[in-house]
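Each residue takes its place number in the sequence, starting with 1. As the structure is a prediction and not an experimental result, all values here were calculated from the model.
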Amino acid sequence: MRNLDSENSGTPSSARRPRDSTARRTCVCCLGVAVCLVLPTLLHAQVDTASREARTTLNRSKDMTAVNAIDAPRTMPATRAQKEDVSIRPFRFTASDKALTDLRQRIKATRWPSKETVGDRSQGVQLEVMQNLARYWATNYDWRKVEAKLNSYPQFITNIDGLDIHFIHVRSKEKNALPLLVIHGWPGSIIEQLKLIDPLTNPTAFGGSASDAFDVVIPSMAGYGFSGQPTSPGWGAERMAHAFGVLMTRLGYTSYLAQGGDWGAIIADQMGVQAPPGLVAIHTNFPGAVPADVDQAAATAASAPAGLSAEEREAFDRIALFYKTNLAMYLEMGSRPQTLYGIEDSPIGLAAWLLDHDARSQELIARSFAGKEEGLTRDDILDNLTLFWLTNTAVSASRLYWENKLSFWSTKHVNIPVAVSSFPDEIYAAPRSWVEKAYPKLIYYNKLPKGGHFAAWEQPDLLTAELRAAFKPLRRTALGSR
């Protein structure tokens, strides 16, 4: 199953070539909710099969270079007769001191609004939360720590369908490690999955056995982080699912698994629908399992459908609450993402926009900046925010909602084996009754004692254990010995 020449590099030695310079770039994290049932004409994908230019050089301004590419931008071939570029280029990122200084200055120069007139988050992210975040971000936060962490792992860029796709690729030293594609979401990034890499690739150092090992591939979604920003429509979840299948094949894997949460779960589901060669099974911690009548009722503020169990009714109530209190920002991104100039120009504007997610996640984040860190630290949050800022990807990432034509919650008709982990503080905790109907080839289901929407980020130990348990049978059957 491994056709790679170098055991440690994670990419074929024939694909490597000397770089002229060291690369640089960055990103952040959260969810995205499709609202097809509410405004079906706003969330759509206009797939254009014409050639697309991949932008790999990102400058915040002419004066301040935050990101430089290691190669010239890659574009689609001018004619079909030209050979496709399948090279895999090593990548590293170093933010300039000038970019980091500018970031701190902008934070300190924030013009603050008046305090909200209510005692809760019903008007949005509260002023005290944002001022606590700004104080730490401008004075004590050190981007260089996570930058060093990122650069400690093998990173690469390859061009797929005309767009540069960035990815981390870490191969386990264990002989029969299973290849695993791990996909982030919005407003997430590869930062979200960093805590998973070592436990998955080196299980004996993290309470597991050699037989629990995975090779790990973590791509940046199109328009996010270090991947290229599409310059024409068409890069929705379906196209990314196809691109990530191409990526795994290009890396030499003939059998592999995929995992995702948030948009990563949507993309993993779409991979399950497309069933690319080599994909054996998927794992999701954000399953598309909500029955159509339940989703319709929740989206339109109607009464719950009759006959729901207590567990199903709780899930309905939480979905309905999300539609009622958190939908506005997703409608904006789904209809007018280009209008969000403010979040590209103001670090605090960016932070507030990305933090205004679901209620439980925002409460967790707010506590971290009030001195009560549980699962997520202040640095975790700011690592992700700073990556978005330095790569100038707030708007390009938001366009995924404009591209979308899928319901976020509903069944996608996946017909390959699926494993599901249900975390209690997720936007909705998926009942087994719904999951079994949504995924006819369900091979694993488990309800966890704690954790929320950002499982890989908040509870990496629990998610690692889930992946080990969920895919254990496949080591003996479908994937076999390598």
Side-chain angles (χ1 to χ4, degrees), residues 25-36 38-62 64 66-67 73 75-76 103 106 124-125 161-166 184-189 220-240 262-263 266-267 326-357 384-406 408:
R25 281 193 183 175
T26 336
C27 195
V28 188
C29 192
C30 246
L31 150 76
V33 164
V35 288
C36 302
V38 182
L39 287 179
T41 61
L42 295 183
L43 301 181
H44 63 287
Q46 300 176 356
V47 179
D48 181 356
T49 56
S51 64
R52 286 166 170 78
E53 179 178 335
R55 182 179 130 185
T56 58
T57 301
L58 302 179
N59 297 327
R60 294 209 66 86
S61 71
K62 292 180 180 179
M64 181 192 71
V67 181
T75 59
M76 285 289 285
L103 169 59
R106 286 172 182 256
V125 185
D161 200 12
L163 192 71
D164 275 357
I165 299 297
H166 164 266
H184 69 82
W186 182 94
S189 67
S220 296
M221 294 196 299
Y224 287 68
F226 306 128
S227 284
Q229 297 186 21
T231 58
S232 54
W235 278 93
E238 302 93 332
R239 190 169 181 183
M240 278 192 260
D262 191 81
W263 275 111
I266 299 290
I267 294 170
N326 281 85
L327 198 58
M329 65 189 303
Y330 302 110
L331 292 175
E332 178 67 23
M333 291 188 290
S335 60
R336 311 286 286 180
Q338 193 62 33
T339 301
L340 299 172
Y341 293 96
I343 66 174
E344 291 279 38
D345 188 60
S346 165
I348 295 304
L350 172 68
W353 185 260
L354 299 184
L355 263 58
D356 196 10
H357 197 264
N384 198 41
L385 289 172
T386 307
L387 180 59
F388 262 108
W389 176 259
L390 293 174
T391 53
N392 206 22
T393 49
V395 169
S396 62
S398 299
R399 292 192 191 111
L400 178 55
Y401 291 86
W402 187 89
E403 295 281 358
N404 185 53
K405 60 182 179 182
L406 300 167
F408 212 75

Problem - N/O donor-acceptor pair under 3.5 Å between Gln229 side chain and Asn392 backbone - result: yes
Problem - Flag, side chain of Arg106 to backbone of Asp345, donor-acceptor distance under 3.5 Å - result: yes
Problem - Whether Ser346 side chain and Gly342 backbone form a donor-acceptor pair below 3.5 Å - result: no
Exercise for the section: Dump the intermediate steps for side-chain contact (heavy atoms from CB on, under 4.5 Å) on Leu385 and Leu355, then the final yes or no. Expected result: CA-CA 9 Å; Leu385 289 172; Leu355 263 58; 4.2 Å; yes
Practice task
Kindly say whether Ala397 contributes a backbone atom to a donor-acceptor pair with the side chain of Tyr224 at under 3.5 angstrom?
Solution key: yes
Exercise for the section: Output all residues satisfying side chain to side chain donor-acceptor pair (under 3.5 Å) with Ser398, sequence neighbours left out; order by chain, then residue number. Expected result: none
Handout entry: Check: Asn404 and Trp263 side chains under 4.5 Å, non-hydrogen atoms
Key = yes
Completion exercise
CD (Glu238) and CD1 (Ile267) are apart, to the nearest 0.5 Å, by 9.5 Å
Completion exercise
dist Ser220:OG -> Ile165:CD1 (nearest 0.5 Å) comes out at 8.5 Å
Fill in the blank from the handout: Closest non-hydrogen contact found for Met221 with Ser227 is O-CB, 3.4 Å
Practice task
Could you give me the CA-CA distance, side-chain angles and deciding distance for Asp262 and His184, then say whether side-chain contact (heavy atoms from CB on, under 4.5 Å) is met?
Solution key: CA-CA 7 Å; Asp262 191 81; His184 69 82; over 6 Å; no
Exercise for the section: For Ala222, enumerate each residue passing the side-chain contact (heavy atoms from CB on, under 4.5 Å) test, keeping only those at least two apart in sequence or located in another chain. Expected result: Leu163, Pro230, Trp235, Met240
Completion exercise
Nearest heavy-atom approach of Leu340 to Glu332 is CD2-CG, 3.8 Å
Completion exercise
CG (Leu354) and CG (Leu350) are apart, to the nearest 0.5 Å, by 4.5 Å
Practice task
Provide the closest heavy-atom pair for Gly124 versus Asp356 in the form atom of the first, atom of the second, distance.
Solution key: CA-OD2, 4.3 Å
Problem - Closest non-hydrogen atom pair between Val125 and Ala352, with its separation - result: CG2-O, 3.5 Å
Problem - Closest non-hydrogen atom pair between Pro233 and Trp402, with its separation - result: CB-CZ3, 4.1 Å
